[in-house]
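To find a chain, count down the sequence lines: A is the first, B the second, and so on, and within it residues start at 1. Below, all heavy atoms of this structure are taken into account, side chains as well, without hydrogens, waters or symmetry copies.
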Amino acid sequence: MLDIKRIRQEPDTVKALLAKKHVKVNLDTVKELDQKRRQVTLQIEQLKARRNQSSEAVSQRKKRGEDAEALIVETRQVGEEIKALETSLEPIDKELQDFLLTVPNTPLPQVPAGESAADNVEAHKFGTPPVFSFPVQAHWDIGEALGILDFERARKISGARFTVLADGGARLSRALINFMLDHARARGYQEMATPYLVNAASMFGTGQFPKFVDDVFHVVPHDYYLIPTAEVPLTNLYRDEIIAAPLPLKFTAYTASFRAEAGAAGRDTRGLIRQHQFDKVELVRFEEPEKSEAALQQMLRDAESVLEDLGLPYHTVMLCGGDMGFGQALTYDIEVWLPSYGKYVEISSVSTMTDFQARRAGIRYRPAGSKKTELVHTLNGSALAVGRTMAALLENYQMANGHVQIPEALRPYMGGLDQL
RNA sequence: GGAGGGGUAGCGUAAUUGGUAACGCAGUGGUCUUGAAAACCACCGCCUUCGGGCUUGCAGGUUCGAGUCCUGUCCCCUCCGCCA
């Protein structure tokens with residue numbers, strides 16, 4: 001959520017920044033609603049002050065045994081006025097709140113202009129795409145041939161966009177998770193294991209709701225939501241809290257993630273790339289506002305180095321305004337080379353949300369020497385998406401005989417096994 | 001899922017028949033001190049258009065006035081049931 005004060009004070013700047021995200025918002029409506037709300041609120045508070053006074057006076061008279069009937073009648077009228085004004089304020093308040101919840105975060109100044117992924121700017125590159133002396137196979141073919149991916153039975157027991165990992169596939173996935181968690185822990189992230197089902201308040205806190213309700217799974221009879229990313233439970237750990245511990249706070253968690261992928265029909269229908277359920281190791285960081293941009297660079301390196309340790313070629317792009325997400329102020333996508341696609345494919349997204357989530361979720365801290373609390377900055381990133389990493393491994397490390405080499409760094413997690 | 005008990009400031013506790021949230025500890029700043037402790041003073045939830053308003057888990061209701069009464073709901077504890 002954006003600061004209403006900021007919208008009030010510099011509407012043109014906000015408007016210009018949002019235009020960079022190719023979002024058009026009618027800030028004039030906000031301005032009108034805000035003015036009206038402030039005006040009515042003032043009236044209400046003045047009347048309440050009067051009611052508090054006469055109510056106290058009633059109390060005094062009664063204590064002295066005097067008659068207070070006239071005063072009670074008068075106070076009752078004030079109460080009725082307050083009620084009427086409050087009733088008139090309700091729709092204004094609701095409309096303003098509802099609107100503010102749908103306004104995206106403003107991008108930072110360095111975000112490149114642009115409309116789509118084509119306008120993203122390459123920031124870093126590692127490795128070179130492998131050259132094969134034999135026909136390249138896609139990971140779904142490699143996996144099925146090796147008996148480690150079973151899409152057909154997954155369709156039977158669940159449906160489209162689900163996968164069964166079998167034998168070495170399950171083992172490889174678990175190895176990757178452990179490898180990634182250890183990698184994050186070595187870089188100072190505290191490991192957490194969180195619920196996969198969260199309440200609606202958490203979804204509002206990180207910004208999935210109200211705009212993206214249709215993208216998540218709703219467990220109807222109990223009114224829980226399946227997390228679309230561990231960013232949700234991790235960031236909401238400190239919802240409605242004033243963080244007492246010294247910042248930064250760095251967390252990592254492995255969780256399954258669930259996405260409805262509504263409207264995605266036909267895209268990436270084969271393989272592990274786009275699933276309703278996938279595994280991910282996530283990084284979340286709570287940081288002081290002045291340090292959040294430097295923190296973002298660190299987190300980016302924390303994620304990139306996973307791919308470097310696995311020897312997978314990738315490049316990193318800074319997202320242009322039009323390709324950015326709802327709550328992000330600055331986002332880097334890490335894209336891994338996928339031979340079957342013949343291009344780089346997103347495997348991680350690392351972002352600073354500035355104070356956008358913190359304001360929604362009420363996450364504050366007390367700056368050293370300050371009496372007032374301030375909103376923290378929240379950052380998050382994947383390190384990494386496990387299914388996509390597995391796909392990249394199978395494809396980049398495939399051999400002519402259909403088997404797949406296991407990179408050095410992963411072998412200790414596979415009991416020394418060097419190929420599948 | 002059922003029955004009972006509970007939720008008040010970071011922690012522990014108060015608040016007559018409904019009368020306008022009190023106290024202790026912890027913490028922060030100050031006085032005093034060579035320094036510290038002790039003592040004393042102030043601060044010690046949120047918003048504010050600086051008038052004031054709000055805050056007893058949350059949302060409503062009754063009332064001139066609700067921590068207190070009523071309804072709904074969330075969470076915690078104990079017991080029973082179920083269960084990995």
Sequence neighbours excluded, the answer for side-chain contact (heavy atoms from CB on, under 4.5 Å) partners of A:Tyr397 is A:Leu312, A:Leu393, A:Val404, A:Gln405, A:Pro407
Excluding sequence neighbours, so at least two apart, what forms side-chain hydrogen bond (donor to acceptor under 3.5 Å, both in side chains) with A:Arg285? A:Glu287, A:Gln298
If you measure from the C1' atom in B:C47 to the same atom in B:C32, how many Å do you get, rounded? 38 Å
With a 3.5 Å cut-off and no angle check, do the side chains of A:Thr29 and A:Asn26 form a donor-acceptor pair? yes
Angle between ring planes, A:His218 versus A:Tyr225, binned at 30° and 60°: parallel, tilted or perpendicular? parallel
Once hydrogens and angles are ignored, does a donor-acceptor distance under 3.5 Å link the base of B:U20 to the side chain of A:Ser55? yes
Which pairs, protein N/O on one side and nucleotides 24-30 of chain B N/O on the other, fall under 3.5 Å?
none

5' priority, RNA chain B, between A:Tyr224 and A:Lys63 [closest heavy atom]: A:Lys63
If we take the P atom in both B:G51 and B:G35, what is their distance in whole Å? 41 Å
Using the C1' atom as the reference point in each nucleotide, state the distance between B:G2 and B:A9 in Å, no decimals. 36 Å
Which part of the nucleic acid does A:Lys62 contact within heavy-atom distance under 4.0 Å: base, sugar-phosphate only, or nothing? base
Per-nucleotide protein contact string for nucleotides 50-62 of chain B, where B marks a base within reach and S marks sugar-phosphate only (heavy atoms under 4.0 Å, - for neither): -BBSS-------S
Pick out the pairs of N or O atoms, protein on one side and nucleotides 66-73 of chain B on the other, that lie under 3.5 Å.
none

Partners passing side-chain hydrogen bond (donor to acceptor under 3.5 Å, both in side chains) against A:Gln297 (at least two apart in sequence or in another chain): A:Tyr332
Does A:Arg76 reach a base, just sugar-phosphate, or nothing at all? Heavy atoms under 4.0 Å. sugar-phosphate
Going by distance alone, is a donor N or O of one side chain under 3.5 Å from an acceptor N or O of the other, for A:Ser257 and A:Gln277? no
Roughly how many Å apart are B:U49 and B:U68, using the P atom of each and rounding to a whole number? 31 Å
Separation of the P atoms in B:C25 and B:C41, to the nearest angstrom: 12 Å
Residue set satisfying salt bridge (charged side-chain N to carboxylate O under 4.0 Å, His left out) with A:Arg187, at least two apart, ordered chain then number -> A:Asp302
Enumerate the ring-ring contact (aromatic ring centres under 6.0 Å, His included) contacts for residues 279-306 of chain A, please, sequence neighbours excluded, ordered by first and then second residue. A:Tyr238-A:Phe286
Under the ring-ring contact (aromatic ring centres under 6.0 Å, His included) test, residues paired with A:Phe356 that sit two or more places apart: A:Phe326
Can you tell me how far P in B:C64 sits from the matching atom in B:G18, rounded to whole Å? 15 Å
Can you see whether A:Gln357 engages A:Thr206 through a side-chain donor-acceptor pair at a distance of less than 3.5 angstrom? no
Using the P atom in both, what is the distance from B:A3 to B:G72, to the nearest Å? 13 Å
Heavy-atom nearest nucleotide on RNA chain B taken for A:Arg38 and for A:Leu71; more 5' hit belongs to A:Arg38
side-chain contact (heavy atoms from CB on, under 4.5 Å) partners of A:Ala84, counting only residues at least two apart: none
Which part of the nucleic acid does A:Ser59 contact within heavy-atom distance under 4.0 Å: base, sugar-phosphate only, or nothing? base
Would you say the ring centroid of A:Phe251 lies under 6.0 angstrom from that of A:Tyr189? no
If the P atom of B:U16 is compared with that of B:G57, how far apart are they to the nearest Å? 16 Å
So, using side-chain contact (heavy atoms from CB on, under 4.5 Å) as the criterion, who are the partners of A:Thr194 when residues are at least two apart? A:Met192, A:Pro233, A:Leu234, A:Thr255
Would you write out the dot-bracket form of RNA chain B, 5' to 3', with Watson-Crick and G-U pairs under 3.5 Å, [ ] for crossing pairs, | for pairs to other strands and . for unpaired bases? (((((((..((((.....[..)))).(((((.......))))).(((....)))..(((((..]....))))))))))))....
